[in-house]
Colleague: 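Before anything else, here's the structure in question.
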Amino acid sequence: MCSHPLVLVSTRAAEFCNNCRYQKCLLFHRFWSIDDKQIYTDYSSLRSIVVANYEETIKMPINEPAVGKRISQIQEYVDYNGGPGVQHIALNTSNIIEAIVNLRARGMDFLSAPDTYYDDLRQKLKTAKIKVEEDLDVLQKLRILVDFDDKGYLLQIFTKPMQDRPTLFLEVIQRKNHFGFGAGNFKSLFEAIEKDQDARGNLTVLTHQGQTKGFQ
C-alpha cells in the first residue's frame with residue numbers, strides 16, 4: 001500500500017486536521033506539515049498537513065489553498081468540487097515504467113513536466129548520495145518525476161482530471177527506500193497543472209481583496 005493513498009483538500013487544513021475524525025476517532029496525529037513559503041510558484045501556493053496513524057503505516061496529506069497572484073489549483077479544486085473532498089488517489093506500483101507505458105497505451109492522459117525539469121534533475125543527481133536505477137532518458141520520455149533524499153528515491157506521475165471538471169485525479173508512485181511525499185516535485189506539479197488551468201481559462205487573477213477577475 002502507498003503511504004498516502006488519499007490526498008484531501010480542505011478550505012482550512014489546520015482547522016480541519018485539529019478537529020477531524022482522524023484525530024478524534026482514529027487517533028491519527030500530525031506527522032508533517034509545509035506552508036506557502038515552502039511550496040509555491042509565481043502564481044499559487046498551498047499549505048499541507050499530513051496526519052498518520054500510531055504506527056505511521058498510513059499517512060494522509062490534507063491540503064488547503066494559500067493566497068497567490070492567481071487562483072491556485074487547490075482553490076480551483078474547491079470551487080469546482082463545491083467544497084472540500086478527495087483531490088487525488090495514489091496508486092502504488094513496483095514497476096512504474098511498465099505501468100505508465102501500459103496506461104498511456106490505453107489512452108490515459110498525464111500531466112507533463114518540461115525538459116528543464118530533467119536537466120535540473122541530472123545536475124542534482126550528480127552530487128546525490130543515491131543512484132536512480134531506472135534510465136533517466138526513459139523517465140523523461142514518459143514524464144515521470146523523481147524525488148530523493150540521502151537514503152532513497154521515489155518515482156511519481158499524475159494524471160489529468162478523471163472527470164469533466166478539474167477535480168479528482170490519480171497518482172502513480174514507486175518507492176525505493178523513500179517514504180516522503182514528493183515535496184521536491186510539488187512546484188513542478190503546480191506548474192504543470194497551471195498550464196491546464198490556463199488552457200481552461202481558469203488561471204484568473206486574484207485581487208488584494210481575495211476576489212477573482214479575468215486577465216488578458
Side-chain angles (χ1 to χ4, degrees), residues 1-9 13 17 22 26 28-34 38-39 46 48-63 73-74 86-106 108-114 117-160 162 168-193:
M1 176 182 290
C2 179
S3 62
H4 61 291
L6 295 180
V7 178
L8 307 179
V9 167
C17 177
Y22 300 107
L26 300 180
F28 278 33
H29 61 275
R30 185 181 297 206
F31 173 79
W32 182 70
S33 63
I34 57 173
Q38 296 170 280
I39 304 298
L46 68 75
S48 181
I49 293 174
V50 180
V51 295
N53 64 342
Y54 179 80
E55 297 85 1
E56 297 187 350
T57 55
I58 299 174
K59 306 184 186 80
M60 188 178 303
I62 305 171
N63 299 335
Q73 51 99 359
I74 300 295
V86 176
Q87 183 204 30
H88 72 273
I89 301 171
L91 305 175
N92 192 29
T93 179
S94 59
N95 189 335
I96 195 170
I97 291 177
E98 181 180 8
I100 300 309
V101 167
N102 290 336
L103 287 171
R104 287 189 183 276
R106 294 170 187 168
M108 182 70 76
D109 291 325
F110 293 90
L111 295 173
S112 181
Y117 168 87
Y118 297 94
D119 294 338
D120 293 340
L121 174 63
R122 286 182 173 86
Q123 291 300 315
K124 292 176 182 177
L125 288 174
K126 287 181 179 179
T127 57
K129 294 182 178 181
I130 57 93
K131 178 177 176 58
V132 174
E133 297 174 6
E134 289 75 11
D135 188 329
L136 290 180
D137 290 337
V138 174
L139 296 180
Q140 181 173 356
K141 180 181 178 180
L142 295 174
R143 301 297 163 178
I144 295 171
L145 305 178
V146 183
D147 195 24
F148 62 91
D149 56 23
D150 290 346
K151 296 181 179 180
Y153 64 94
L154 64 81
L155 307 174
Q156 62 185 159
I157 191 171
F158 302 86
T159 72
K160 292 188 176 183
M162 303 295 292
L168 178 70
F169 59 93
L170 301 178
E171 173 187 359
V172 182
I173 187 169
Q174 175 183 329
R175 296 180 180 275
K176 295 277 189 175
N177 198 38
H178 188 289
F179 303 98
F181 300 90
N185 290 325
F186 276 21
K187 183 174 182 179
S188 297
L189 172 61
F190 267 37
E191 290 171 343
I193 292 179

Colleague: Only counting residues at least two apart or in another chain, list the ones meeting salt bridge (charged side-chain N to carboxylate O under 4.0 Å, His left out) with Asp150.
Modeller: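 Asp150 satisfies salt bridge (charged side-chain N to carboxylate O under 4.0 Å, His left out) with Lys129 only.
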Colleague: Any side-chain heavy atom of Ile62 within less than 4.5 Å of one from Val50?
Modeller: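 SC-SC contact between Ile62 and Val50 ruled out.
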Colleague: Considering residues at least two apart in sequence or located in another chain, which fulfil the side-chain hydrogen bond (donor to acceptor under 3.5 Å, both in side chains) criterion with Asp135?
Modeller: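 So Asp135 forms no side-chain hydrogen bond (donor to acceptor under 3.5 Å, both in side chains) with any residue.
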Colleague: What residues form a ring pair (Phe, Tyr, Trp, His ring centres under 6.0 Å) with Phe28, not counting sequence neighbours?
Modeller: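 Expected list: Tyr22.
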Colleague: Would you please name every residue forming a side-chain contact (heavy atoms from CB on, under 4.5 Å) with Leu125, sequence neighbours left out?
Modeller: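 Listed in chain order: Leu121, Ala128, Ile130, Val132, Leu136, Phe148.
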Colleague: Ring centres of His88 and Phe169 under 6.0 Å apart?
Modeller: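 Ring-ring flag for His88/Phe169: true, centres closer than 6.0 Å.
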Colleague: Tell me every residue that passes side-chain hydrogen bond (donor to acceptor under 3.5 Å, both in side chains) with Tyr118, counting only those two or more places apart in sequence or in another chain.
Modeller: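 If we apply the side-chain hydrogen bond (donor to acceptor under 3.5 Å, both in side chains) test to Tyr118, skipping adjacent residues, there are no hits.
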Colleague: Residues in salt bridge (charged side-chain N to carboxylate O under 4.0 Å, His left out) with Arg104, at least two apart?
Modeller: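 Counting only residues at least two positions away or on another chain, Arg104 forms no salt bridge (charged side-chain N to carboxylate O under 4.0 Å, His left out).
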Colleague: For Glu133, what residues pass the salt bridge (charged side-chain N to carboxylate O under 4.0 Å, His left out) criterion, not counting sequence neighbours?
Modeller: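 Listed in chain order: Lys176.
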Colleague: I need the Tyr153 OH to Asp147 CG distance, nearest 0.5 Å.
Modeller: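 If I round to the nearest 0.5 Å, the distance is 12.5 Å.
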Colleague: By side-chain contact (heavy atoms from CB on, under 4.5 Å), which residues pair with Asp109, not counting sequence neighbours?
Modeller: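 Residues passing side-chain contact (heavy atoms from CB on, under 4.5 Å) with Asp109: Lys160.
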Colleague: Can a donor-acceptor pair be found between the side chains of Arg122 and Gln140 at a distance below 3.5 Å?
Modeller: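 Gln140 and Arg122 do have a side-chain donor-acceptor pair below 3.5 Å.
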Colleague: Measuring from atom CE of Met60 to atom CD1 of Ile49, what distance do you get when rounded to the nearest 0.5 angstrom?
Modeller: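 Here the rounded value is 14.0 Å.
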Colleague: Among Leu155, Val146, Asp149, Ile173, which residue meets the side-chain contact (heavy atoms from CB on, under 4.5 Å) test with His178?
Modeller: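 With His178 as partner, side-chain contact (heavy atoms from CB on, under 4.5 Å) holds for just one option, Asp149.
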Colleague: Looking at residues at least two apart in the chain, or sitting in another chain, which of them share a side-chain contact (heavy atoms from CB on, under 4.5 Å) with Met162?
Modeller: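 Scan of Met162 (side-chain contact (heavy atoms from CB on, under 4.5 Å), adjacent residues dropped) gives Met108, Thr159, Leu170.
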Colleague: Which heavy-atom pair separates Arg143 from Leu111 by the least distance, and what is that distance?
Modeller: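 Looks like CB-O, 4.3 Å.
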Colleague: With sequence neighbours left out, write down each residue that passes side-chain hydrogen bond (donor to acceptor under 3.5 Å, both in side chains) with Gln174, or none if nothing qualifies.
Modeller: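 Only Glu134 meet the side-chain hydrogen bond (donor to acceptor under 3.5 Å, both in side chains) criterion with Gln174.
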Colleague: Could you check Glu171 against Leu91 for side chain to side chain contact (heavy atoms under 4.5 Å, CB included), going step by step and ending with a plain yes or no?
Modeller: CA-CA 6 Å; Glu171 173 187 359; Leu91 305 175; over 6 Å; no
Colleague: If I compare all heavy atoms of Val86 with all of Leu168, which pair ends up nearest, and what's the gap?
Modeller: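 Closest approach of Val86 to Leu168: O-CD1, 3.8 Å.
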Colleague: Can you find a pair of side-chain heavy atoms, one from Leu142 and one from Ile157, that are under 4.5 Å apart?
Modeller: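 No - every pair of side-chain heavy atoms lies 4.5 Å or more apart.
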Colleague: So do Leu139 and Ile97 actually touch side chain to side chain, heavy atoms under 4.5 Å?
Modeller: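 Side-chain contact under 4.5 Å: yes.
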Colleague: The criterion is salt bridge (charged side-chain N to carboxylate O under 4.0 Å, His left out); which residues satisfy it with Asp119, sequence neighbours excluded?
Modeller: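 Asp119: no salt bridge (charged side-chain N to carboxylate O under 4.0 Å, His left out) contacts found.
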Colleague: Give, for atom OG1 of Thr93 and atom CZ of Arg175, the distance between the pair rounded to the nearest 0.5 Å.
Modeller: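 Here the rounded value is 12.5 Å.
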Colleague: By side-chain contact (heavy atoms from CB on, under 4.5 Å), which residues pair with Ala52, not counting sequence neighbours?
Modeller: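 Checked Ala52 against side-chain contact (heavy atoms from CB on, under 4.5 Å); matches are His29, Phe31, Glu56, Lys59.
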